Chemist: 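Below you will find the structure I want to go over with you.
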Amino acid sequence: MNEELSNEFWKHINEMEQLVCKLNNCQSIIAICAERTLGDDSGALWAASDILNETEAKMDEKIYELLKVYRQLKEPTKKEKKK
């Protein structure tokens, strides 16, 4: 993998991780609001909090899978090892 593609890959991974952090921050804010809200409205806030939490977890899984693929691409093939 050439250096330019590698840099592009890491740029996108970093942007995805920043999005995950923003989702986590939003989820935390909504959870705090849900804790302080009485009545039926708190259920909607908890649902939104859960959705953000699930989305964050799925994005973390995708980042992990992308990093696994990247490591595999960086491993030398058998032909390269023989050289």
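The shown structure was predicted, so the numbers you read here are calculated from the model rather than taken from an experiment.
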Chemist: Roughly how far apart are Arg36 CZ and Ser42 OG, rounded to 0.5 Å?
Modeler: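 Rounded to the nearest 0.5 Å, the CZ-OG separation comes to 14.0 Å.
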
Chemist: So if you build clusters from Ile, Leu, Val, Met, Phe, Trp, Tyr with side-chain heavy-atom gaps below 4.5 Å, do Trp46 and Leu23 land together?
Modeler: no

Chemist: Between CD1 of Ile63 and CG of Leu19, what distance do you get to the nearest 0.5 Å?
Modeler: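 Atom-to-atom, Ile63:CD1 and Leu19:CG are 8.5 Å apart.
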
Chemist: The test is salt bridge (charged side-chain N to carboxylate O under 4.0 Å, His left out); show your working for Glu65 and Lys68 and say whether it passes.
Modeler: CA-CA 5 Å; Glu65 291 299 321; Lys68 276 180 31 179; 3.7 Å; yes

Chemist: Counting only N and O atoms by type, is there a donor-acceptor contact under 3.5 Å from the side chain of Thr37 to the main-chain atoms of Cys33?
Modeler: yes

Chemist: Nearest 0.5 Å, please: how far is CD in Gln27 from CD in Glu54?
Modeler: 10.5 Å

Chemist: Taking Ile29 as the starting point, is it possible to reach Ile51 by hopping between hydrophobic residues whose side chains are less than 4.5 Å apart?
Modeler: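 Per the 4.5 Å side-chain linkage, Ile51 and Ile29 are not co-clustered.
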
Chemist: Side chain to side chain donor-acceptor pair (under 3.5 Å) for Glu56 and Asn24? Distances and angles first, verdict last.
Modeler: CA-CA 7 Å; Glu56 177 190 351; Asn24 181 268; 3.3 Å; yes

Chemist: My understanding is that only residues two or more places apart in sequence, or in another chain, count here; which of them pass side chain to side chain contact (heavy atoms under 4.5 Å, CB included) with Leu66?
Modeler: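 With sequence neighbours excluded, Leu66 shows a side chain to side chain contact (heavy atoms under 4.5 Å, CB included) to Phe9, Ile13, Met16, given in chain and number order.
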
Chemist: Rounded to the nearest 0.5 Å, how far apart are CG of Leu73 and OG of Ser6?
Modeler: 10.0 Å

Chemist: Side-chain contact, heavy-atom cut-off 4.5 Å: Asn7 with Glu4?
Modeler: no

Chemist: So does Leu45 get a backbone contact from the side chain of Ser49, meaning a donor-acceptor N/O pair under 3.5 Å?
Modeler: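 Checked: no pair found.
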
